[in-house]
Visitor: 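A single structure is presented below for examination.
As the structure lists them, so they are numbered: ligands from 1, and atoms in each ligand from 1. Hydrogens, waters and symmetry mates are skipped; everything else that's a heavy atom, side chains included, is used.
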Amino acid sequence: MNLTRDGNCLCEHMYPPIDYRIVQKIGEGTFSEVLKAQSLRDGRYYACKSMKQPLDSVEQVNSLREVQAMKRLSPHPNIIQLHEIIFHKETGSLSLICELMEMNIYELIRGRQYPLPDSKIKNYMYQLCKSLDHMHRNEIFHRDVKPENILIRQDVLKLADFGSCRSMHSPPPHTEYISTRWYRAPECLLTDGYYSHKMDIWSAGCVFFEIISLSPLFPGTNELDQVSKIHNILGTPDSSLLHKFKQSRAMPFNFPPEKGCGLSSLIPHCSAVALSLLYQMLEYNPEERIGAGDTLRHPYFRELQMAEKRASGLCWAPGTLKGGETCGVASSMDHLWRIARQGRRQHHSKHVADTLIRRNGPPYPTELPKLNIFIPAPKMSSFPVSSLPPLAGTHRGSLPAFTSKKWHSRLPKQPRGEIHHQELKSYHMPPIEQKRGGY
Ligand SMILES: Nc1ncnc2c1ncn2[C@@H]1O[C@H](COP(=O)(O)OP(=O)(O)OP(=O)(O)O)[C@@H](O)[C@H]1O
């Protein structure tokens, strides 16, 4: 163990970044430890994400997908801001200095007895959908949307942990393990890597449910159980869709036909309009699943859209929805969706949605956080994010391609409470550029 200047313990792999006073550990993931740190230059507090695996060179640091993605996606009010990168050449230790948030969504809901106020849920979901829309517009998908990777500070929500993201231009199949099981979309579970950015919407739908109900929607214990939990609630999909999935997966597809209990029985207090969005995010078929841009125009977010339009001086035409979407309507939503999913699935589903949806494009408010610049110390490469070289490939091109798929095939991400510490401790971690497979 190392000791920081304050006498706090740090793990062996870490080297305390100069010019920062480590205050305390605030989080830990599979690949990093996150510390609260105070800058000795500006006195501000930051989150210092220190990678467990050493890196070989500055080039390797620059080609990390996490670094590249954060650079491409910043600044955006709902994307965690990378402030500085500190790389210690001698030890290979890398610290990403990011803006500090208060907690993640899991910590927000953990142990709560009463639901969050509707307005708070809506506000968080709007911001989450904005972060996804921004990311997908920039042709990157996240691949690990889950409560632990969604951070909040007061009422602001930011998406974090871009270590699994991928360019939307990289063609499937994607062979590495991605996404944490409970939030894994059907196409990820049932095909050999034939998934797209729509998987993020499914995961966000699972998070939406979890924020409403305070418990995970599909807490599968293994992949098969995960599929069965989805079918128990949403029902088995059309055989044609299963047939399509089946073409690319050697997995038993003899799922017993199920109607599914529906979502509204699980969250009886949920409004019909919220359920409508939830169902569209949890649409089994990724091609029919709502896109991030359309989630923002969903009537569930009507007040927020109106507030934004008012703020930007535009007038909002009254929507098709009347107020008072209540629980009574909610139960019929399950029924409508079941009908929609039989036969003329797409058109019917859209028709049901259209009774609630009014399409309006919200403007995109963006604040432009500033990056700090300082002079690097000897043997320590520290660079402000703005000085990084442009993304490999092209501006809309592919993020760097990493070669090894081994890391993921041997260590899938575990849902919370399922991390096998023993296994992790004895694991030999490959170089970080290989840790999550290729783009
Ligand atoms: N900027 C931040 N501010 C506050 N807390 C943070 C910040 N970044 C990360 N954390 C905390 O640290 C935890 C781990 O961070 P992160 O998910 O980025 O690490 P990881 O090693 O990539 O994890 P994973 O195992 O999901 O890949 C988060 O769940 C969060 O609680």
Visitor: With atoms numbered from 1 as shown, which atoms in ligand 1 lie under 4.0 angstrom from a non-hydrogen atom of E148?
Guide: 28 (C), 29 (O)

Visitor: Quick one: which of M101, K25, M51 has a heavy atom closest to atom 4 (C) of ligand 1?
Guide: M101

Visitor: Would you mind listing which atoms of ligand 1 come within a distance below 4.0 Å of any non-hydrogen atom of G27?
Guide: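 In order of number, 12 (O).
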
Visitor: What is the minimum heavy-atom distance between H142 and D200, and which atoms define it?
Guide: N-OD2, 2.8 Å

Visitor: Kindly identify the option in S32, C48, A160 whose heavy atom sits closest to atom 19 (O) of ligand 1.
Guide: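 Among S32, C48, A160, the closest heavy atom to atom 19 (O) of ligand 1 comes from S32.
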
Visitor: Under 4.0 Å from any heavy atom of I26, which atoms of ligand 1 are there?
Guide: 4 (C), 5 (N)

Visitor: Are any of the N/O atoms on E102, whether in the backbone or the side chain, positioned under 3.5 angstrom from an N/O atom of ligand 1?
Guide: no

Visitor: Donor-acceptor check, side chain of Q226 to backbone of N222, threshold 3.5 angstrom: yes or no?
Guide: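 No; zero donor-acceptor contacts below 3.5 Å.
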
Visitor: Where does M103 meet ligand 1, judged by heavy-atom distances below 4.0 Å: at the side chain, the backbone, both, or neither?
Guide: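 M103 to ligand 1: no contact under 4.0 Å from either part.
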
Visitor: Going by the atom numbers of ligand 1, which of them fall below 4.0 Å from some non-hydrogen atom of F31?
Guide: 21 (O), 27 (O)

Visitor: Looking at every heavy atom in both R289 and P186, which two are closest together, and how far apart are they?
Guide: NH2-CD, 3.9 Å

Visitor: Tell me which part of V34 gets within contact of ligand 1: side chain, backbone, both or neither, using heavy atoms under 4.0 Å.
Guide: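 Side chain only.
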
Visitor: Please tell me whether F141 and H136 form a close aromatic pair, meaning their ring centres lie under 6.0 Å apart.
Guide: no

Visitor: At less than 4.0 angstrom from any non-hydrogen atom of N149, what atoms of ligand 1 do you find?
Guide: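 Every atom of ligand 1 under 4.0 Å from some heavy atom of N149: 17 (O), 26 (O).
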
Visitor: Using modelled atom types and a 3.5 Å cut-off, is there a donor and acceptor pairing between side-chain atoms of S131 and backbone atoms of I79?
Guide: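 A pair under 3.5 Å: no.
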
Visitor: Name all residues meeting the side-chain contact (heavy atoms from CB on, under 4.5 Å) criterion together with S228; count only those two or more places apart in sequence or in a different chain, and write none if there are none.
Guide: D225, N232

Visitor: Out of I80, I97, I152, L151, indicate the one that has the non-hydrogen atom closest to atom 8 (N) of ligand 1.
Guide: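 Nearest option to atom 8 (N) of ligand 1, by heavy atoms: L151.
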
Visitor: Tell me whether K122 forms a cation-pi arrangement with Y300, defined as NZ or CZ under 6.0 Å from the six-membered ring centre and within 45 degrees of its axis.
Guide: yes

Visitor: Both conditions, 6.0 Å and 45 degrees, for the charged tip of K36 above the ring of Y45: are they met here?
Guide: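 Yes, K36 sits over the ring of Y45.
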
Visitor: Closer than 4.0 Å to some heavy atom of K49 - which atoms of ligand 1 meet that?
Guide: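 What qualifies from ligand 1 is 16 (P), 18 (O), 19 (O), 20 (P), 22 (O).
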
Visitor: Could you list the atoms of ligand 1 found under 4.0 angstrom from a heavy atom of K146?
Guide: 26 (O)

Visitor: Which residues satisfy the side-chain contact (heavy atoms from CB on, under 4.5 Å) test with H231, sequence neighbours excluded?
Guide: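 Expected list: V227, T236, P237, F255, E258, Y284.
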
